[in-house]
Amino acid sequence: MQATLRHSLAVAAFAAAALAQAPKPLIQSGADLVPTSAYAVLQFGGIERCAANTRQWPIAEMIGAFVRKLPAETREEHLDRGLEQAAEQVRRALGRAHVDPADLRDVLSCPMTVALGRPTIEGMGPSVALLIETGNREAAVQRLLAIGEGALRRGGGPGLQDTKVGGVAAKMVQIPNGPPVFVAKVGGHLCLTNSRGLLTEVAAVQRGEQPALAQATVLGNLGQQLGAPPIASAYANTAVIARMLEPVLPYEAGEWADALGVGSLDALYAGFGATDSAGVDLVHIGLRGSPEGLVKSSCHKPADLGFANYCSENTVLFGVRSFDVSALIDAAQRFVQMLPQEAQREIDREFSRELTRELRHVGMTPADLEGMLRAFGDQMGLAIGLEAGAIPKPELLLRVGVRDRQTMQALLQHLEQLVAHEAGMEWKTRKVGDLEIRYFSLPIEDKLQLTPCYALTDDAVMVASDVMALTRSLRRAEEPGESLSAQDDFKAMAKEFAGANDILHVRAFRLAELGWRTVETLAYPQLDAHRDEIGFGSEALPDAETMAAALGSSTFACFVDERGITQRHRGLISIGSILATVGTLADEVLGRASSKIY
């Protein structure tokens, strides 16, 4: 294994040096050079990209300001020492391999793309191509690969051969008991591959003689939706497999696919990146099929953001989603009707018998249950707010859509009776205009008095943790000028994620604005009391405004349509943020390792 790796590195190093004087064409991204025959594409954006983004984040500025306020000895003990130890370990490990940390840092800063394609007999397996966008770091790449070349020569490995593949000058070496390795410069990239065929196609794409995978599939569009160059991404072109299966599927496959809402699986994609303010994620399952089929029927409608008119400007968590129980029931019934008659009778017999037995205990029939479920609408909303006070008070608000007000009213009355009977709670009424708020008192350890409540409007049930909270929400909806819907961050989120079927918006900045004063009151005196032990006091910590700007907001959204299911995330709470932070840390450690003077 080690010998094979040394041989491969040697080939790449020699070829890079030999091809260094070749004309430098317009640089394209690695994904733009991958041909349509590829089954999968992996991308790495480079640690420099990570560092360039994260160092502009408001939270990075806040942490930097905090570190600068620390005494030098505290900084040395809790931060610099750990980074220096990591850098020293890296220096020692790379020193044994005769690798300069600065060269490794430059190479890891190069965007890279790996393409997996058709099997190759000569290459002994799947075609694999590594495309390295060398840019102005080609010298570092050559020096690093030259180490492998030296190891190959010392081991008496095979010599390098000049060759031409697909009209491109290349170098080739035959690995003993292994595949050949071809190295060529293509479109500003150093390409290493085990496949003549894949290299030929990569060169043809670069010359514009055949389309790239990113143009012929959803890969390019998904990359644009990500909203930032990927730090890491993976794409599987499963449409190739789907096309292979189509001729052998049953004749009824199309009808069944419509009923289930499940068509061909033409793509799988996960991309994670970062902007100069936050991380971004995108995960796509290209499961085609009718939105009215069983799998997608309950959640394919856009979420109703009108719920924000009821929510306070002090909302810290806002979530809405579409969930259509009636559509789900209809889709299930259509699917069952497509089954063979005997299967339909068996399902009806077993399901009805079990369901009837269970419902008999609560005095309902299957028809009653279906009517109750159909009484619900297709929208749900949840919000948690913190209202101002010495200690901000959490308030919960829930909205559930209603189609059949009469049936829902009967259900709510039944629930009232259960609560009164089981918990001994007395229900009371408060009027807000023409609406009635029904509530009961719920003391918690003689310290907190909650009044869980609900109100039934024409199209929804509104539930809250407190009567006053629900009262304010109902009145706010009539004049939403100061509601959540009027806030700048919400307007931007609504525009960016328009049409989403499921949205969760976390307003961490508002949590900091409302709650940081409490943190100051409780934590600052403790910090100052232990100043000598920990090395700093409360003056080093940020104020509420700085903390709010650093935390910002994070949004999670899901889109469901005939093309599949797509999840998008933006904010500090994202995989893109985590990967960018890890990449920045690697850049910092390698940077320290590179600065060592011997």
Side-chain angles (χ1 to χ4, degrees), residues 5-38 41-46 48-49 103-104 106-117 120 122-123 127-150 152 158-175 179-215 229:
L5 178 59
R6 287 196 300 270
H7 294 167
S8 301
L9 289 173
V11 173
F14 189 85
L19 299 170
Q21 303 304 318
K24 299 184 181 298
L26 179 65
I27 294 179
Q28 300 165 287
S29 73
D32 292 333
L33 298 178
V34 177
T36 55
S37 62
V41 179
L42 307 176
Q43 290 183 274
F44 170 63
E48 183 185 53
R49 179 175 294 166
D103 286 342
L104 179 60
D106 280 346
V107 172
L108 291 179
S109 294
C110 295
M112 303 179 189
T113 301
V114 176
L116 304 176
T120 165
E122 181 185 23
S127 296
V128 182
L130 171 62
L131 296 162
I132 305 175
E133 186 179 317
T134 56
N136 59 2
R137 299 183 177 87
E138 189 166 329
V141 174
Q142 291 176 24
R143 286 192 296 269
L144 189 62
L145 296 178
I147 296 172
E149 179 186 3
L152 176 61
L160 297 168
Q161 300 177 12
D162 291 318
T163 186
K164 203 163 189 178
V165 179
V168 175
K171 295 290 182 178
M172 184 197 80
V173 64
Q174 180 67 50
I175 302 299
V181 176
F182 301 92
V183 187
K185 286 293 292 293
V186 182
H189 290 71
L190 186 67
C191 179
L192 293 83
T193 179
N194 67 330
S195 172
R196 294 177 189 268
L198 185 53
L199 178 54
T200 299
E201 291 191 319
V202 167
V205 171
Q206 192 273 329
R207 293 191 297 264
E209 297 173 358
Q210 70 179 65
L213 185 67
Q215 299 171 336

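A heavy-atom distance below 4.5 Å is found between the side chains of Thr113 and Val34. Taking 4.5 Å as the limit, some side-chain heavy atom of Leu116 sits within range of a side-chain heavy atom of Val114.
To the nearest 0.5 Å, atoms CD (Glu201) and CG (Leu213) are separated by 11.0 Å. The distance from the CG atom of Asp106 to the CD atom of Glu48 is 8.5 Å, given to the nearest 0.5 Å. For the atom pair CD (Glu133) and CD (Gln43), the distance works out to 10.5 Å, reported to the nearest 0.5 Å. Rounding to the nearest 0.5 angstrom, the gap separating the SG atom in Cys110 from the CG atom in Asn136 is 8.0 Å. If you take OG1 on Thr193 and CG on Leu198, they are separated by 4.5 Å, rounding to the nearest 0.5 Å.
Looking at residues two or more places apart in sequence or on another chain, you find a side chain to side chain contact (heavy atoms under 4.5 Å, CB included) between Gln215 and Pro211, Ala212. By the side-chain hydrogen bond (donor to acceptor under 3.5 Å, both in side chains) test, Asp103 is found to be paired with Arg143, residues two or more places apart in sequence or in another chain being considered. Remark: Val107 engages Met112, Val141, Leu144 in a side chain to side chain contact (heavy atoms under 4.5 Å, CB included) (not counting sequence neighbours). Ser127 meets the side-chain hydrogen bond (donor to acceptor under 3.5 Å, both in side chains) test with Ser195; sequence neighbours excluded. Taking the side chain to side chain contact (heavy atoms under 4.5 Å, CB included) definition, one finds that Pro229 meets it with Arg49, sequence neighbours left out. Residues that satisfy the side chain to side chain contact (heavy atoms under 4.5 Å, CB included) test with Val165, not counting sequence neighbours, are Thr163, Phe182, Arg196, Leu199, Thr200.
The shortest non-hydrogen separation linking Val168 to Arg207 is CG2-NH1, 4.1 Å. Closest approach of Pro179 to Asn194, counting heavy atoms only: CB-CB, 4.4 Å. Closest approach of Val205 to Asp32, counting heavy atoms only: CG1-O, 3.3 Å. For the pair Val186 and Cys191, the tightest heavy-atom approach, listed with the atom from each and the gap, is CG2-CB, 4.4 Å. Contact detail for Pro180 and Gly123: the closest heavy-atom pair is CD-CA, 4.2 Å. For Lys164 against Ala169, the heavy-atom pair with the smallest separation is CG-N, 4.3 Å.
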Where do Thr134 and His189 land on the side chain to side chain contact (heavy atoms under 4.5 Å, CB included) test, with the steps shown first? CA-CA 6 Å; Thr134 56; His189 290 71; over 6 Å; no
